[in-house]
Amino acid sequence: MKNHDITTTPFTDPDDLENNVSSNRHFSDVLSAGMSRRGVLRGGLGGAMAAMFAPLALTACGGGDDTPVAGPQTATPESLLGFAAVAKTLADTNSVPAGYTARVILACGDPLFTGVPACKNDGTDTDYDQRVGDNHDGMQYFGLSASGQRDDNSSSRALLAMNHEYIQPLMLHANGPTPNPRPASEVDIEVDCHGLMVAEIIKDGAGVFGPVVNSAFNRRVTGMTPIELSGPARGNALFVTKYSTDGTRTRGTMNNCGNGKTPWGTLLTTEENWSGYYFRAAGDQTKRTAKVNASFSRYGRGVTTSNASSRYGWETAGADDKYQRWDTSQTGTSLDGSDDYRHEWFCQGFMVELDPYNANSVVKKRTGLGRFSHENAAFGLPVVGKPLAVYMGCDSQNEYVYKFVSTENWVASDANAADRLGVGDKYLDSGKLYVARFNDNGTGEWLELSITNPAIAGASFGFNDPAEMYIHTRIAADAVGATKMDRPEWVDVHPTTGELYITMTNNSSRRVAPTGTQTLVDAPNPRGYTDTFNGTSQQSGNVNGHIVRFKDASPEGTSFNWDVYLFGAESGADAALINLSGLTDDQDFSSPDGLAFTRSNGLCWIQTDDGAYRDVTNCMLLASIPGTVGDGGPLTLNHAGGVSVTTRMGAKPTANTLKRFYVGPAQCEVTGLCETPDGKTMFINIQHPGESTSAANLGDPSKYGSQWPSIVGYGAGQRPRSATVVITKNNGGQIGT
Ligand code: FEO
Ligand code: CA
Ligand code: CA
């Protein structure tokens with residue numbers, strides 16, 4: 001995500017934060033060992049393609065009323081990426097390849113229920129707890145049979161479950177947001193625009209998907225929805241609040257970014273930049289313990305001049321409990337925090353599970369998966385009789401990659417169990433948490449975050465309770481020596497090889513020659529350079545991001561092999577230090593963020609959230625045919641000043657294995673990709689089009705940063721709105737082939 005101060009400063013990205021001051025080593029601290037990679041050299045692309053089209057390891061809930069489509073079994077490599085690449089463009093529209101159509105549905109403000117007035121899109125709409133929320137992000141497709149039952153094979157009726165990550169305050173109010181103290185009426189809208197949505201969609205007689213207003217499945221989860229704290233930290237003293245004196249509940253899930261789909265048919269959704277929603281008064285640190293203060297600092301809420309304010313000022317809206325909960329200062333006199341919201345901040349930052357098939361189901365925060373800036377979640381391929389592995393990134397500068405391994409071994413029948421959240425309890429509420437250390441020779445280790453790990457037991461923080469792993473996770477990861485990465489964003493698992501792909505979106509703190517707290521280039525994050533924007537301003541660091549992939553030894557294993565699948569770059573950039581993947585005009589991209597494999601055909605889809613190449617092109621979606629870990633080899637970057645870094649690089653893409661598929665409207669982020677099981681409909685989310693519109697121009701649509709989606713004929717008003725885009729192929733075929 002990108003995000004703005006409530007009234008000013010476009011292009012401020014709170015993801016791009018540096019709160020990691022640990023001294024964890026970098027690759028370049030380790031002398032090049034010159035070791036050969038172990039056991040990772042697989043076949044070339046041909047082998048990967050053969051694996052790609054094997055039957056999927058897991059299918060659940062058969063017996064649908066749609067005829068399964070045999071696309072993956074019949075596709076050939078030559079037919080994949082069988083579209084003409086879309087050119088880079090600044091056009092304020094949906095740019096798709098010839099032969100494809102893009103349609104808009106579910107824009108911010110659209111009613112989900114009858115009786116809710118049509119969206120006027122002029123800043124006067126209210127009741128957002130019954131409308132589509134703002135800033136659509138991660139999204140999953142959950143099939144429904146004709147009779148309204150879960151059906152994983154249905155390509156004609158479904159639920160879209162998605163995140164509403166944050167808000168565009170300028171567009172939500174008639175004259176933009178009122179500065180602090182915030183009016184309660186504005187805050188209520190903003191809190192309701194956050195959270196999650198479940199929306200039913202169905203194909204009409206012409207085979208075109210549209211929303212089902214008033215479906216019994218339709219649901220909004222907002223910043224005020226009661227949520228259960230589940231797993232090993234449930235009931236912890238740091239969860240005790242005025243709202244939940246036994247530390248088992250909280251309200252709302254905030255800043256949900258990426259997500260994941262469980263093998264049992266529920267949504268995992270991730271709390272990313274939650275920390276800044278909370279006010280913490282100057283001087284609060286004098287009332288709190290050293291451990292609590294250390295944790296606040298490590299997660300970006302230490303008390304400094306710049307932190308003693310909240311992102312949207314919700315706590316200024318009045319004395320009502322629903323506003324005061326956003327003040328995480330100690331204001332009461334109790335010893336345990338049961339008379340204020342000093343601990344409210346500790347109730348956020350988790351992986352959250354939602355059952356989309358039951359609009360009345362409780363939403364659960366799965367504390368066992370740790371607390372950090374969760375970006376998304378990907379399950380390793382389930383193996384019957386083995387634990388489940390969930391892979392996760394922490395998206396801030398110089399943060400880490402994590403793995404959760406369930407205590408319970410996978411039982412195939414759990415995929416279709418009726419009590420889906422009960423299955424979630426079984427696999428997600430007990431397990432081991434690991435963090436990744438990438439060695440410079442292409443190997444890596446999963447380091448367990450356990451109170452019995454001597455590095456944690458001996459840490460100066462003073463860990464003395466196993467539950468602390470799940471609340472102060474970043475600090476435990478610091479203690480074991482995890483590798484600082486360039487902002488880990490989405491991770492997904494290749495549907496047949498099981499290899500993990502994780503985007504490192506960018507890192508403005510990465511340097512060849514660090515000064516102060518900047519971070520030195522290393523083998524898995526080997527680039528540091530300067531790029532010019534708009535011919536004038538400059539950005540430095542790993543400006544364009546890259547995609548790391550790794551092959552885990554096993555779900556429960558503690559070793560892996562890694563390489564860099566792709567480096568983002570401008571096609572004209574220096575081939576030796578920046579455009580290492582040799583990207584052409586049809587392939588170049590910057591700041592990979594969303595990444596998802598389509599299960600129908602094994603293609604890897606890369607979505608961008610960029611501020612570095614937006615002088616040339618809007619954000620985009622690319623399709624690729626990935627190889628396997630180790631299909632390239634070592635590559636040495638000889639930086640200025642005699643700094644030399646050897647990375648492990650995957651085989652370079654060809655014109656047939658990486659191609660731009662879509663370019664979004666102006667100033668947007670492209671995210672949220674999912675598909676129908678037959679691969680013939682793709683859904684993506686367009687987030688924050690026109691995000692750089694200034695308050696001064698609110699009355700003049702010609703000066704908006706974007707007029708999408710009204711500019712493509714969708715909806716009232718000309719204010720830009722986040723929305724879902726439905727992409728189909730005009731001949732009815734599979735997307736991307
Ligand atoms: Fe919300 Fe890390 O992007
Ligand atoms: Ca970003
Ligand atoms: Ca993201």
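Counting starts at 1 for both ligands and their atoms, in listed order. Here the structure is a predicted model, which means the values were calculated and not measured. Hydrogens, waters and symmetry mates play no part in the numbers below; they use all other heavy atoms, side chains included.
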What angle, in degrees and rounded to 10°, do you get at atom 2 (Fe) of ligand 1 when you join it to OD2 of Asp395 and to OE1 of Glu489?
100°
Are the side chains of Phe560 and Val401 in touch, meaning some heavy atoms are under 4.5 Å apart?
no
For Asp137 and Asn256, which I'm curious about, is there any donor-acceptor pair between the side chains at under 3.5 Å?
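Judged by distance alone, the side chains do not pair up.
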Pairing donors with acceptors under 3.5 angstrom, does anything connect the side chains of Thr681 and Tyr141?
no
Restricting to N/O/S, name the atom of Glu375 that gets closest to atom 2 (Fe) of ligand 1.
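Distance check against atom 2 (Fe) of ligand 1 picks out OE1 in Glu375.
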Between OD2 of Asp593 and OE1 of Glu489, what angle is found at the Ca ion (ligand 3), rounded to 10 degrees?
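About 80°, to the nearest ten degrees.
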So that I can tick it off, tell me whether Asp593 and Arg487 are bridged by a salt bridge, with the cut-off set at under 4.0 angstrom between side-chain N and carboxylate O.
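No, Arg487 and Asp593 are not salt-bridged.
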Looking at Glu272, the N, O or S atom sitting nearest atom 1 (Fe) of ligand 1 is OE1
Please check: side-chain N/O of Gln140 versus main-chain N/O of Leu267, any donor-acceptor pairing under 3.5 Å?
no
Which atom of Glu375 is nearest the Ca ion (ligand 3), counting N, O or S only? It is OE2
Using 2.8 Å as the threshold, say whether any N, O or S atom from Glu165 sits that close to atom 1 (Fe) of ligand 1.
yes
